[in-house]
4 protein chains.
Amino acid sequence: MRKLDPVKHEEKRREILGAAERCFVRDGLQGASVSSICAEAGISPGHLYHYFSSKEAIISAMIEVRLAEAAARFAKLAEGADVLDTLFGEMTVSRSGPPLLLEALAEANRSPTMAKALQDHTKGVHSLLAELLEKGQAAGAIDPGLDRNITASLIISIIDGSKTLCLRDPKLDVKQATKALQTMIIRYLAPPPDPRTR
Amino acid sequence: MRKLDPVKHEEKRREILGAAERCFVRDGLQGASVSSICAEAGISPGHLYHYFSSKEAIISAMIEVRLAEAAARFAKLAEGADVLDTLFGEMTVSRSGPPLLLEALAEANRSPTMAKALQDHTKGVHSLLAELLEKGQAAGAIDPGLDRNITASLIISIIDGSKTLCLRDPKLDVKQATKALQTMIIRYLAPPPDPRTR
Amino acid sequence: MRKLDPVKHEEKRREILGAAERCFVRDGLQGASVSSICAEAGISPGHLYHYFSSKEAIISAMIEVRLAEAAARFAKLAEGADVLDTLFGEMTVSRSGPPLLLEALAEANRSPTMAKALQDHTKGVHSLLAELLEKGQAAGAIDPGLDRNITASLIISIIDGSKTLCLRDPKLDVKQATKALQTMIIRYLAPPPDPRTR
Amino acid sequence: MRKLDPVKHEEKRREILGAAERCFVRDGLQGASVSSICAEAGISPGHLYHYFSSKEAIISAMIEVRLAEAAARFAKLAEGADVLDTLFGEMTVSRSGPPLLLEALAEANRSPTMAKALQDHTKGVHSLLAELLEKGQAAGAIDPGLDRNITASLIISIIDGSKTLCLRDPKLDVKQATKALQTMIIRYLAPPPDPRTR
DNA sequence: GATGAATGAGGTTTCATTCAT
DNA sequence: CATGAATGAAACCTCATTCAT
C-alpha cells in the first residue's frame, strides 16, 4: 500500500513534462513560471517538487526527451533503404516547427548544462548521419569526395536553419521551399558527372 | 529655454543599448534584468526610463539596431562585383556568432512584436538577395531555372543554420566547415552543365 | 489530498483585511502601501497575494465589508418600532466617524469600480429607508406630501455630511450637534399642522 | 532685465495650480504625480520647483485657493438681501460638484496640515453664516430658538453632504433634490407658528 | 527663468522554493 | 502522495526631488 509504484511515478513525470512543454512553448524557457506549469498540470507547487527538484531539472528533462525523440525519429528513418529519403524525412519545411529547438539553441549559448545536452545529442545524430553518408558513398549515390563528418554537421545545421524559414517569412510557400531545400541537398551530395560516360 | 543637446541624448541611448546588449548576451532576453542593465550602464534604474519606456522597448531598439547592422553589412557586400563573393561574406562559420540572433528567433515565436521586426528586416535582405540572384542569372553565373525568391529565403535560412554549427559541435573545424558550406552553395547555384559543350 | 481548511483561509483573509483597514485609515487608500499592509498583518508580501490578487482587490473587499456592515447595522435598526428612532441611530455625530467613508466617496469620483460598489450599496439602504418612510406616512407620523425616494436620498446625504462636522470644527459640541440634527429631521418629516385641530 | 516680474511669477503659479487641479481631480491628491502635473502644465519638473517647494505645497496652495474661492462666493451671496436666498445659492445639487472637496475632507482626516486649513476656512464661513442667521432671527424670518453656531455648522455639513447625492445615485433628479433640500432648510429655520395668530 | 539629466528609494507584483499538515 | 500556506528576494517600473547647464 505504501510502496510507491515506479510506473505511476514515471507516468506522472511525463504528464508534468507535457504540461511544462506547453508552458515553455507559450512563454519561453525563462518566461514560463513554475506556478503556471503547476496550473497547467493541475497539481500543487509543493507536489511538483516531488517529481522535479527544480525548474531547471524540468527544463533539462524536457529537452532530453525532445532531443531523444528527435534522435529516435531520425534513427527510424535511417532504417529505410534510401539515403536521401532519410534526410528528406527530417527536412520538411513546416509552419509550426518544434519551437523549443530555438529556445534550446539560444539557451545553449549561455548555459553549459544546455550546451552539454545539445552537444551530446548532436553527436548521436551526427554519427548516424556520417554512417548514412558512408553507405551512400559506397553505393555510388553520394559524391565520394565529400568529408563525411563535415557534411553531416552541415546537414544538421541546414535542418536547424530550415526551422526559421516560416518565422522569417510567414507567407512562404512551404511546399516549394521544401522542394528547393531537397534540390539543394541533392545537388550537393550528387557525385560529379563521370566524364567517361558522356 | 535652450534645448539640451539631442546628440548627447542619442549618445546615451546608444551607450545604454550597448550595456543592455552585453547583459542580454550574458543572460538572455528574459533572463537579463533591468537592474543588471542599469548596473552595466552605470546609471540608476529611474534614469534608464528617461531613455526607454520599458524593458521591451530596450529589446526592440537593440534588435532593430542589430538587424539594421546586419542588413547594412549585407548591402555593402552586395556592392561588390561577384555574386558568390557577396554571399560568402556573410556565410563564414565562426565560433562566436551574434548570439542574439538565436534569442530573437526564439522570441519571435512568441512575441508578435519581435516577429514583425524580424519579418520586416528579412524582407529587406530578401529582396536584396533576390536582386543579386537575378543579376547572377542574367550573367549566366547562376542556374536560371532557380526561383529567385525561394532561393533567397533558402540562403537566409542556411545562414541562420550556420550559426548553430559551433554550438552543436564546439570542436568543429571552422575553416573546413566554411569551405564545405560554400561548396554546397556553389553546387546549388551553378548552372547545369551545357550538354552541347561535352 | 485532503483539502485544507477553507475556514482558516477566510479567517486569514479577514485578518489581512483588518490590517489593511488600519493602514488605509492611517495613510489613505492610495497612501497605504502593500508592504505596510504586510507589515501590519505580519506576513510576507508574497503571501498576501495568496489571498488577494491585487491591492485594488483588497480595497474592494474592505469597502464591500464596510458597506455591508453599515447596511446591516441600518437594517437592524429598521426592525425597531419607531421610524425616527431608526434614523437617529445612524445620525449620531461623533468625533471619530468611519474615516474610510470619505476616502471611498472621494475614490468613487474617479474609480468606476468604487462608484459601482457605492451605488449598489446605496440602493439597498435607500430602498430600506424609503420603506420606512412609507410606513411612517401610513402611520401619520410623517408628512405624506414628501416624495419618499428623494427624501431617502436626502437623508443619506445628510448622514454623509454629518461625518464632516467634527472634521471642520474639532471643538464642536457633539451632543448639541446631534440634537440639532435630529431636530432638523423632525421638523422636515413632521406632517404639517392640521388646521382643523387648531 | 534680471529683475523678476512678480506679476508674471504669480500668473505662472496660478497656471500651474490650474494644471495641478486638473490632475488631482483626475487622479486624486495622492494619485497624481508631479510629472503628470508638469506635463499638464507644459513645463519641466525642475521648473516646477521654482514655483512650489514640494508636491505638498502645491496641494496646500490649491486647496487654499479653492477654499478661498468658496468663501468669497459665499460672502458675495451674503451681501444679497435675503437670508434663505444666500443659503440656497450654495446648496444646489449638481452632478459634478467640486470633486476636490471630498479629497480634501478625506485628507484632513490624516494630515494635520490639511485639517488646519480646512478648519481655518470653516471658521470664516461659519461666522459669516452665524451672522446671517442672527440677522434672520432679528428680522423674524428665522426661529429665534435655534443656536446660531450649531445651526451654522449643521448647514455647512449639509452642504458637504449634498455633494455626495449624485455620487450615490447617478440617476437622481437634481432639480427635485435641490428643491427638497431647500424645503428641509426652510422647515428647519422657519419660526414656529405663532399661536396667537391662529 | 527654464531645461532635462540624474538619483535612489519605494511602489506593486511575481518568482522559485520550502514546509507543516 | 498531495496540499496550499508561507517566504523573501527580486522583478519591472514610478516617484518626488535635486542639480548642472
Side-chain angles (χ1 to χ4, degrees), chain A residues 1-5 8-9 12 30-38 42-58, chain B residues 1-6 8-9 12 30-38 41-58, chain C residues 1-6 8-9 12 30-38 41-58, chain D residues 1-5 8-9 12 30-38 42-58:
Chain A
M1 205 232 258
R2 64 220 50 149
K3 267 245 174 98
L4 22 144
D5 190 342
K8 284 233 170 161
H9 188 85
K12 193 80 185 176
Q30 297 175 323
S33 72
V34 169
S35 56
S36 77
I37 295 173
C38 290
I43 60 173
S44 65
H47 198 29
L48 183 140
Y49 282 82
H50 272 277
Y51 294 96
F52 297 95
S53 63
S54 69
K55 183 184 171 183
E56 222 204 303
I58 300 176
Chain B
M1 202 183 243
R2 68 195 175 292
K3 284 266 187 253
L4 266 232
D5 207 343
K8 284 234 170 151
H9 188 88
K12 194 81 185 177
Q30 299 177 323
S33 74
V34 170
S35 56
S36 77
I37 295 174
C38 290
I43 61 173
S44 64
H47 197 27
L48 183 141
Y49 285 85
H50 248 50
Y51 295 94
F52 298 94
S53 62
S54 68
K55 183 185 171 182
E56 221 204 305
I58 300 177
Chain C
M1 202 184 245
R2 67 197 174 293
K3 285 267 187 251
L4 266 232
D5 206 344
K8 284 232 170 156
H9 188 87
K12 193 82 185 176
Q30 299 177 324
S33 73
V34 170
S35 54
S36 76
I37 295 174
C38 290
I43 62 174
S44 64
H47 197 26
L48 183 140
Y49 284 84
H50 248 50
Y51 295 95
F52 298 95
S53 62
S54 68
K55 184 185 172 184
E56 220 204 307
I58 301 176
Chain D
M1 203 231 254
R2 62 219 51 142
K3 267 243 175 99
L4 24 142
D5 190 341
K8 284 232 170 162
H9 188 85
K12 194 82 185 174
Q30 297 175 322
S33 73
V34 170
S35 57
S36 76
I37 295 173
C38 290
I43 62 173
S44 65
H47 198 29
L48 183 139
Y49 282 81
H50 272 278
Y51 294 95
F52 297 94
S53 62
S54 69
K55 183 184 171 184
E56 223 204 303
I58 300 176

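Residue numbering restarts at 1 for every chain, and letters A, B, ... go by the order of the sequence lines. What you are looking at is a predicted structure, and each value in this text was computed from that prediction instead of being measured.
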Exercise. Which nucleotide sits closest to the side chain of C/S35: E/dC15, F/dT7, E/dG11?
Worked result: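 For the C/S35 side chain, the nearest candidate turns out to be E/dG11.
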Exercise. If you check every side-chain atom of B/H47, which of E/dA16, F/dC13, E/dA5 has the closest atom?
Worked result: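 Of E/dA16, F/dC13, E/dA5, E/dA5 is nearest to the side chain of B/H47.
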Problem set entry | B/P45 vs C/P45, nearer the 5' end of DNA chain E by closest nucleotide |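 Upstream on the strand: B/P45.
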For this session: Report the residue (B/K12 or C/G31) whose heavy-atom-nearest nucleotide on DNA chain E is the more 5′ of the two.
Result: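 Nearest-nucleotide comparison on DNA chain E picks B/K12.
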Taking [atom1] from [X] and [atom2] from [N], how many angstroms apart are they, rounded to a whole number?
X: B/K8; N: F/dA20; atom1: NZ; atom2: P; answer: 14 Å
X: C/Q30; N: F/dC15; atom1: CD; atom2: C1'; answer: 14 Å
X: C/H9; N: F/dA6; atom1: NE2; atom2: C1'; answer: 13 Å
X: A/I37; N: E/dC15; atom1: CD1; atom2: P; answer: 11 Å
X: A/K55; N: E/dT17; atom1: NZ; atom2: P; answer: 8 Å
X: B/L48; N: E/dG8; atom1: CG; atom2: C1'; answer: 14 Å

When you measure from the side-chain N and O atoms of [X] to the phosphate of [N], is any distance below 4.0 Å, counting only OP1 and OP2?
X: B/S33; N: F/dA10; value: no
X: D/Y49; N: F/dT17; value: yes
X: A/S44; N: F/dA2; value: no
X: A/H50; N: F/dA2; value: no

Exercise. DNA chain F: stems of at least 3 consecutive Watson-Crick or G-U pairs, cut-off 3.5 Å?
Worked result: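 Listed by first number, the stems are E:2-21 with F:2-21.
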What contact category does [X] fall into here, base, sugar-phosphate, or nothing, at under 4.0 angstrom with non-hydrogen atoms?
X: C/V34; answer: base
X: C/I43; answer: sugar-phosphate
X: D/Y51; answer: sugar-phosphate
X: B/A57; answer: nothing

Problem set entry | Where A/Q30 and A/K55 come nearest, the two heavy atoms and their spacing |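 Taking A/Q30 first and A/K55 second, the nearest heavy atoms are O-NZ, 3.4 Å.
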Side-chain donor-acceptor pairs of residues 44-54 of chain B under 3.5 Å, sequence neighbours excluded:
unit_1, atom_1, unit_2, atom_2, d
B/S44, OG, B/H47, N, 3.3
B/S54, OG, B/E56, N, 3.4
B/S54, OG, B/A57, N, 3.1

